[in-house]
> 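Here it is: the structure, laid out below.
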Amino acid sequence: MRRAAAWAQVIFLSCCAFALSRPFTLEDYEAMRADEARTQAFYKAIDELAPGKAVLDLGTGALALLALRAAQRGARRVFAVEVDPSAAACAAEKVRSWPQIQVLQGRSQDLELPEPVDLVVHEVLGEIASREGVVSSLAEAERLLRPEAKASPWSVPRRACTWLAPARWPGPRYLQDYRARTGTLLAAPSEGLLRLPNLPVSECLLAEPRIFEDLHWDQEPLLRCQKRSLEFTVTEPGSLAGFVFFITVDCGQGAPLVSSAEVESHWANSLCPVDTPVFVAAGQKIVVETEVNLSGPTYCLEARLPGGQLLVPRTIFQ
Ligand SMILES: C[S@@+](CC[C@H](N)C(=O)[O-])C[C@H]1O[C@@H](n2cnc3c(N)ncnc32)[C@H](O)[C@@H]1O
Ligand SMILES: *[C@@H]1O[C@H](CO)[C@@H](O)[C@H](O)[C@H]1NC(C)=O
């Protein structure tokens, strides 16, 4: 009952759809930089790969964070591309004392560079990895690469995955902490997904996570249409609240794997709730049919118990 009461506080705000499409604020860029696990993993790979190279920082943000690191570690030339005009202006200010960095405002897809690059660094990853359009942006940026570049590691990160797993609600503490941290209540689901920042994912899992989408830039080709039939075997009996998404980012070069399942991650986790919570026993199977079209990108999932009972009706989101 207490848990139900806590979740009754999930107030349905009407402005939540806006949250996904709004441009990033300076505070957002600072929160990304402050995400130590993420930032240090990118730095590690950049430190290994950037010296002497021409580098494209795709989506440099207001702080020109990765472009600056590449220049500091001896990149010969850095093109820092940013679509958002105010972020690009701020980035240009940040790199003023680094003549080897050139900030270019515009979409990477539409730009020409003065010379081809050897390395692309990009952190355009969403809470579902591909949701901010990284696959198309990067595919189109490949024309900016030197022809020989692909013989060596050319993309940081080299791989990002989105994982899916059946989950229970976090304990009532989660909502209290959330309110204490942000001063606000959780937003309502947007396109069928509830956004849960700093979710203690490991405490909520009812089964081993499975891959929902795999963005593997050092293996060709990257499959644009990924269709999976994910079978989960319940390891933790409990009340199934829905299916949680988290991402992992592999920067390569020995950098530790970054996971948005870590509570301190700046990436929130999304939960696709079931219509009615249902108790699942250890050993029970749950089947989720998923489809990802990375060209959109668009996503689709439907979850059932093997007997046929529908847990989540076919849900499509972008
Ligand atoms: C998540 S932020 C990362 C900022 C910074 N690179 C960092 O790691 O802290 C991604 C940035 O990429 C920009 N962006 C996304 N797609 C882009 C594209 N196709 N061309 C240029 N900028 C893009 C966004 O506007 C945003 O500022
Ligand atoms: C994937 O999305 C693209 C762009 O929206 C569309 O043209 C294509 O037909 C879709 N592919 C499939 C298999 O649905």
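Counting starts at 1 for both ligands and their atoms, in listed order. Quantities reported herein were computed from a predicted structural model and do not represent experimental measurements.
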> Donor-acceptor pairs under 3.5 angstrom involving side-chain atoms of residues 67-81: please list them, not counting sequence neighbours.
| unit_1 | atom_1 | unit_2 | atom_2 | d |
| --- | --- | --- | --- | --- |
| R69 | NE | D47 | OD1 | 2.9 |
| R69 | NH2 | D47 | OD2 | 2.7 |
| R73 | NH1 | D47 | OD2 | 3.3 |
| R76 | NH1 | E115 | OE2 | 3.3 |
| R76 | NH2 | E115 | OE1 | 3.1 |
| R77 | NH1 | E115 | OE2 | 3.2 |
| R77 | NH2 | Q102 | OE1 | 3.3 |

> Specify whether the nearest protein heavy atom to atom 2 (O) of ligand 2 is under 4.0 angstrom away.
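Yes.
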> Which residue holds the protein heavy atom closest to atom 5 (O) of ligand 2, what is that atom called, and what is the gap in Å?
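Looking only at protein heavy atoms, the one closest to atom 5 (O) of ligand 2 is G296 CA, 4.2 Å.
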> Return the protein residues near ligand 1 (heavy atom under 4.0 Å from any of its atoms), ordered by chain and residue number.
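Its neighbours under 4.0 Å (heavy atoms only) are F24, Y29, M32, R38, L58, G59, T60, G61, L65, L66, V81, E82, V83, G106, R107, S108, Q109, E123, V124, S137, given by chain and number.
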> Where is the nearest protein heavy atom to atom 4 (C) of ligand 2: which residue, which atom, and how far?
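For atom 4 (C) of ligand 2, the nearest protein heavy atom comes out as S295 CB, 4.1 Å.
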> Quick one: which ligand 2 atoms are inside 4.0 Å of a heavy atom on C225?
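Within the 4.0 Å cut-off of C225, ligand 2 contributes 13 (C).
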> Using a strict threshold of under 4.0 Å (side-chain N to carboxylate O), is an ion pair present between R131 and E191?
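Judged by the 4.0 Å cut-off on N to carboxylate O distance, E191 and R131 do form a salt bridge.
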> Determine, for R159 against D214, whether the closest basic-nitrogen to carboxylate-oxygen distance falls under 4.0 angstrom.
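Answer for the salt bridge query: yes.
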> Does any N or O atom in N293 lie less than 3.5 angstrom from one in ligand 2, N or O only?
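N/O-N/O distance under 3.5 Å: yes.
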> Could you measure the distance from the OG atom of S270 to the CD1 atom of I128? Nearest 0.5 Å is fine.
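Reported value, rounded in 0.5 Å steps: 5.0 Å.
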> Salt bridge check, R210 against E208: does any charged N sit closer than 4.0 Å to a carboxylate O?
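Looking at R210 together with E208, the answer is no, because their closest N to O distance does not fall below 4.0 Å.
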> Are E48 and K44 close enough for a salt bridge, meaning some N to O gap below 4.0 Å?
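Result for this pair is yes, salt bridge flagged.
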> Look at atom 11 (N) of ligand 2 and say whether a protein heavy atom is found at less than 4.0 angstrom from it.
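So far as the 4.0 Å threshold goes, atom 11 (N) of ligand 2 is in reach of a protein heavy atom.
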> For E140, is there an ion pair with R143 - N to carboxylate O distance below 4.0 angstrom?
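Judged by the 4.0 Å cut-off on N to carboxylate O distance, R143 and E140 do not form a salt bridge.
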> Are the side chains of L240 and I286 in contact, using a 4.5 Å heavy-atom criterion?
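Sidechains of L240 and I286: in contact.
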> Between E82 and R107, is the closest basic N to carboxylate O distance under 4.0 Å?
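Here R107 does not pair with E82 in a salt bridge, since their nearest N and O are not under 4.0 Å apart.
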